Number of protein chains: 2
Amino acid sequence: MPLFSQLTESEQATIESIVHRHHYQAGETIFAAGDPMDALMIVASGQVKVFQLAANGKEQLLYLLTTGDFDGETALFSQANHNSFAQALMPTQICQINRPEFQRLMQKYPTISLNLLNEFGKRLTDLEKRTTKTATTSVESRLADYLVETAAQFESQNFKLPLKKKDLATYLGTTPETISRKLAELEQRGIITQTGSKQIQINDESALELL
Amino acid sequence: MPLFSQLTESEQATIESIVHRHHYQAGETIFAAGDPMDALMIVASGQVKVFQLAANGKEQLLYLLTTGDFDGETALFSQANHNSFAQALMPTQICQINRPEFQRLMQKYPTISLNLLNEFGKRLTDLEKRTTKTATTSVESRLADYLVETAAQFESQNFKLPLKKKDLATYLGTTPETISRKLAELEQRGIITQTGSKQIQINDESALELL
DNA sequence: CGTCTAATTGAAGCTGATCAACGGCAGTGG
DNA sequence: CCACTGCCGTTGATCAGCTTCAATTAGACG
């Protein structure tokens, strides 16, 4: 729980008692756009995708949350509704803290708001970068970029995509067909190899980087 | 100064004494990507554009700051470098507060960090929405959306674009040529009228909204 | 008044979306 | 254990929206 990492064990235990736990199966919706947003959601285990739906029905993947990630902070201060959807991608444990209780925590432990500010900052920086990439570069280079970043996360040149290609497409602002084609093209050029389904082997990282 | 709005007058006066003032002319660079980020920047008067440059040289406009807006918060906690550029679009007054002094302020007046959190939240929500729009809808509908929002800000159906079309293009993730064409098309359809340069008259707001 | 940048307009080309059909894999139920 | 049924992913063909390049005009500012 990075949010509470600076607290002592007994303090963290107090938080345990405040938290409400929920379990979701793969495919289940955790919240939908329009739902009142009155709690902070922390992913205890599993994987959650957070996305928006455009008026034309197209999906945009915003965040992929895994253990320790959280969401729903935006309106922990002012009342508001969700503007995105959250869906479990696998069996997932969620902890929730209500707004009033979270506000009390923040007052008691100011370090929490600092952690929050840091997390917000990271997210902003990340989104700014993604916005720029999506608007100014080709699908090919966005995909290349994603592969490099993902390899860095896994600390391995051989990894399994943590996402369905369908979702990866909406993350990169494109379609599954295009992803499929571009990956095939990269493989043909010898830059990557697709072993199993979703399993990717990077052969020439520098080539990827200069796309 | 929305950041300090909850403080008393004398407290705000104290802040006055901490602040470093700078003046920039139209076109001047306030900071560039790679510069060390060690101060919070507040726009006292004027207009500032914050943008990123992609590897291919293309520009992406992220924020347009006017009086009272601020930037540079992302690294008020951890040392880091700017990843964007800021440029004055007209004669502009800037107030700066160094990291250590700002941190002291935050400790003394916790309301400031709440204000910061709120502002971060707004920015995140806004960016998420923009990312979705850019990735999932046509230039036409993004432009229509922008016109509606801008009219709402000015509280008038007849307003002057606060931006050069060139910059508007990078804001909407397209090119000046396309903006020009789309505006001409909207005018031909009778939905808007372009009176002076940059002066826009909305004739049929509902038509814009359903694009 | 002259210069420089912004904006417009035209023509051409390309990237990527869309539509449709097929193959494959996984989970389900008999 | 096998067959059935969806969904995911792939591949092909077509098409449109937008970018790009180039040339011209308009506008801003000293």
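All figures in this text were calculated on a predicted structure; none of them were measured in a lab. Letters go in sequence order (proteins before strands), and every chain restarts at 1.
When rounded to the nearest whole Å, the span between CD of A:Gln188 and P of D:dT11 equals 10 Å. Distance, A:Lys166 NZ to D:dT10 P: 14 Å, rounded to whole Å. Atom CD in A:Gln199 sits roughly 15 Å away from atom P in C:dC25 (whole-Å rounding). The distance between atom CD of B:Glu185 and atom P of D:dA16, rounded to the nearest whole Å, is 15 Å. For B:Leu186 and C:dT8, the CG to P distance is 13 Å, given to the nearest whole Å. Between the P atom of D:dG9 and the CG atom of A:Leu183 lies a distance of 11 Å, rounded to the nearest Å. Taking atom NZ of B:Lys198 as the reference point, atom C1' of D:dA26 lies 13 Å away to the nearest angstrom. Between the CD1 atom of A:Ile179 and the P atom of D:dC8 there is a distance of 15 Å, rounded to whole Å.
One finds a side-chain N or O of A:Thr178 lying less than 4.0 angstrom from the OP1 or OP2 phosphate oxygen of C:dA17. Contact annotation: A:Thr174 reaches the phosphate of C:dA17 (side-chain N/O to OP1 or OP2, under 4.0 Å).
Backbone-only contact: A:Ser138 has heavy atoms under 4.0 Å from sugar-phosphate atoms and none from a base.
The side chain of B:Lys165 lies closest to C:dA7 when the candidates are D:dT19, C:dA7, C:dA17. Checked against D:dC18, D:dA28, D:dT19, the side chain of B:Lys182 finds its nearest nucleotide in D:dC18. Across C:dA7, D:dT19, D:dT11, the shortest atom-to-atom separation from the side chain of B:Lys58 is found for D:dT19.
Ion pairing of B:Arg189 with B:Glu140 is present here, as a side-chain N (NZ or NE/NH1/NH2) and a carboxylate O approach within less than 4.0 Å. The pair A:Asp69-A:Arg123 does not meet the salt-bridge criterion, since no charged nitrogen lies less than 4.0 angstrom from a carboxylate oxygen. Classification of A:Glu16 and A:Arg21 as a salt-bridged pair holds, one side-chain N sitting under 4.0 Å from a carboxylate O.
Of all heavy-atom pairs between B:Glu128 and A:Asn83, the closest is OE1-OD1, 4.2 Å.
Between the side chain of B:Glu140 and the base of D:dC18, no donor-acceptor pair of N or O atoms lies under 3.5 Å. Side-chain N/O atoms of A:Arg181 and base N/O atoms of D:dG12 include a donor-acceptor pair closer than 3.5 Å.
At least one cation-pi condition fails for B:Arg130 and B:Tyr146: the charged atom is not both under 6.0 angstrom from the six-membered ring centre and inside a 45 degree cone around its axis.
Residue A:Val139 is the one, among A:Ser197 and A:Val139, whose nearest nucleotide of DNA chain C lies closer to the 5' end (criterion: closest heavy atom).
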